[in-house]
Amino acid sequence: MKKCCMMVLAALLAILPSAVGAQGLPGLLQAAQEGVGAGLTEGVRQAGLALDSDLALTLTVGEPRLMEGQSLTLTLTAENPRPVDTPVTIELNVPQRLSMAQPASWQAVLPAAAIDAASGTLTPSVTTFTRELALAPGGTSEQVTLEAEMSLGTRFYRARTALALCVSDVSAQAALLGGDDGRARPGEALAYRVEVTNAGLADKDVAVELILPEGVTLTGALPEGFSRVGSRVSGQVCAQAARVDEAGAAASLAALEFPVTVDADALEGDEDATRLLTGSLRVGGERVALPRVQVCAPQVTAKLIADTDSLEAGEAAELRIMVVNTGLADADVRLTCVLPKGLTLAGEETEATPGELAAIAPEDDGGAPAAQALSLTQTDAPRAQADGSLLYTLHIDAAREEEGGLCAATRTIRLRVVADEPQNFNEQILGASLAWSADGGQTQLGEAVALRVSRQMALGLTRDEWNGIFWAGLLLTVTVACLCAAVHSDSKREDYYPCD
């Protein structure tokens, strides 16, 4: 429009001299015509060039990285080199993970460029638009491109910039330190280890909550920043961003350890000598599997068995000491077998369930194992104590869990005894007893074995009685023979020497 007005004004000035010349001012009007014409020609030329000038658009962000939970300011700068106000339409194109409170598309009017009165040059106007971008939770770390487009009629101006979206990628796992494949004894020290891993490119403060199972007690110092209320331990750990190098991104690791001890009375009142302890763990509000603890103790029983309940003097019998463990924990067992007077130990032999090769050693008077241990096939007389008892220490494995159920571990000690001759009686009752303790615990007594020992008898009489009868009969026979011989001798004398 302005260009057309300038052209109309130039045409009017061109026809003005003919009218003025009729009134006698030809020189003045001629000079004015030449000056104005030259100025209008130059102004029209510059105005035409400015109206055809391109706009400029730039897009920048305050930081090249946008962290999870944070926001940044996007700045859009538009330059207008034209001498007139210019209406434009602006539109931002950002990923869906980025949210804006302001609209992404709007219309604006770019102010006209400023004209220098002295030189006549144009200085482009600069208009700035800002938008606040926030990163929505979720997703992974990635590099994205932000785009802006400004349109003026059929002309389009575009600008781009790169932005790194950095989010955390936190995972956690827990492990049990100590114990035997998840099994522990009462009083045993353990530790829960919680590992928090961050494979993302943003730091994150992660809340950790551990609820200890009933039957364990927290011991030792807690990690920094953690506190305990009852069985609940809670705190926060910073999962730092993954380290990025030439080889790629290496996840960060934050490890926490919570030392605990299984209560000494954890199995009190439990007939099976086993109990499963379970707790709970939450990391970042998500439940994490916490290893379970199976508290186990040995269940040892010992029994003394005789292969007969009666025997004669000089006859041998076998006594068996059977040790059985039905618990899921192994044990060191101390056995005390008391043999009564009247039974003499002739030898022993030990047996065990298949796969058990531990030796059994009788102890000396001081309680120390004897120098020579008895293997599964070796026989030897153990060292008897001053009171005639036999002491053994042996190790028995835990019961085995099989498909059909629980398979108890057993050990057998075979004792061969010989009955001595009863004193003062034809027969007597002899009792052998057994006591045992597992892992230094309380000593328990087993049922005593009673053996009836009798003298060797024939027709209701013992050998000594038969010997007495034999010698008495022999003496009687000799006496009768002697008397008969004397009588016979007197009879012969009377035959040769008759009485006068």
Side-chain angles (χ1 to χ4, degrees), residues 68-69 136-141 167-242 251-299 327-329 398-399 401 406:
E68 181 181 20
T140 60
S141 300
V167 299
S168 60
D169 184 8
V170 175
S171 60
Q173 62 180 1
L176 181 67
L177 304 181
D180 181 14
D181 193 21
R183 293 179 179 175
R185 293 171 175 259
E188 186 172 353
L190 307 171
Y192 289 108
R193 179 181 173 88
V194 180
E195 296 182 350
V196 181
T197 304
N198 187 4
L201 300 180
D203 298 344
K204 186 173 184 180
D205 292 330
V206 182
V208 178
E209 181 185 66
L210 171 65
I211 298 179
L212 298 174
E214 183 181 356
V216 300
T217 302
L218 187 67
T219 57
L222 289 173
E224 184 178 358
F226 280 77
S227 60
R228 180 185 61 156
V229 178
S231 61
R232 179 176 176 271
V233 180
S234 59
Q236 198 173 64
V237 62
C238 178
Q240 297 182 351
S252 65
L253 174 65
L256 305 171
E257 289 191 8
F258 302 92
V260 297
T261 300
V262 181
D263 295 343
D265 58 351
L267 293 178
E268 186 175 352
D270 197 304
E271 298 180 356
D272 297 331
T274 180
R275 180 183 175 189
L276 195 61
L277 307 181
T278 58
S280 65
L281 174 65
R282 288 186 177 274
V283 178
E286 299 292 334
R287 182 179 291 274
V288 177
L290 187 68
R292 299 182 297 179
V293 180
Q294 187 177 23
V295 182
C296 306
Q299 271 194 317
L328 294 177
E401 291 181 321
L406 199 63

Can you list, pair by pair, the side-chain donor-acceptor contacts under 3.5 Å of residues 285-292, counting residues two or more places apart and other chains?
none

All heavy atoms of P223 vs all of L256, minimum pair found to be CB-CD2, 4.0 Å
Any side-chain heavy atom of V208 sitting closer than 4.5 Å to one from Q236?
no
Heavy-atom closest pair (P213 atom, G279 atom, distance to 0.1 Å) is CB-N, 3.7 Å
When you look at L277 and V216, which way does the side chain to side chain contact (heavy atoms under 4.5 Å, CB included) test go after all the steps?
CA-CA 8 Å; L277 307 181; V216 300; 3.7 Å; yes
Partner of V260 under side chain to side chain contact (heavy atoms under 4.5 Å, CB included), picked from L176, L212, V233, is L212
CG of L210 to OG of S280, rounded to nearest 0.5 Å, is 7.0 Å
In short, salt bridge (charged side-chain N to carboxylate O under 4.0 Å, His left out) pairs touching residues 224-239 with sequence neighbours left out are E209-R232
Of all heavy-atom pairs linking P259 and A221, the shortest is CD-O, 4.1 Å
On a heavy-atom basis, the closest approach of G187 and T261 is O-CG2, 3.7 Å
Side-chain donor-acceptor pairs of residues 263-272 under 3.5 Å, sequence neighbours excluded:
| unit_1 | atom_1 | unit_2 | atom_2 | d |
| --- | --- | --- | --- | --- |
| D263 | OD1 | T217 | OG1 | 2.6 |
| D270 | OD1 | D272 | N | 3.0 |
| D270 | OD1 | A273 | N | 3.3 |

Applying ring-ring contact (aromatic ring centres under 6.0 Å, His included) to F258 and not counting sequence neighbours gives F226
- Whether over 12 other heavy atoms sit under 6.0 Å from E214 CD: no
Applying salt bridge (Lys or Arg N to Asp or Glu O under 4.0 Å) to R185 and not counting sequence neighbours gives D330, D439
For L177 and E257, the nearest pair of non-hydrogen atoms, with its separation, is CD1-OE2, 3.7 Å
For residues 195-204, which side-chain N or O atoms pair as donor and acceptor with protein atoms under 3.5 Å away, sequence neighbours left out?
| unit_1 | atom_1 | unit_2 | atom_2 | d |
| --- | --- | --- | --- | --- |
| E195 | OE1 | Q173 | NE2 | 3.1 |
| E195 | OE2 | R193 | NE | 2.8 |
| E195 | OE2 | R193 | NH2 | 3.4 |
| N198 | OD1 | D169 | N | 3.0 |
| N198 | OD1 | G200 | N | 2.9 |
| N198 | ND2 | A202 | O | 2.9 |
| N198 | ND2 | A239 | O | 3.0 |
| N198 | ND2 | Q240 | O | 3.0 |
| D203 | OD1 | A241 | N | 2.5 |

When every non-hydrogen atom of C296 is compared with those of L328, the smallest separation belongs to SG-CB, 3.7 Å
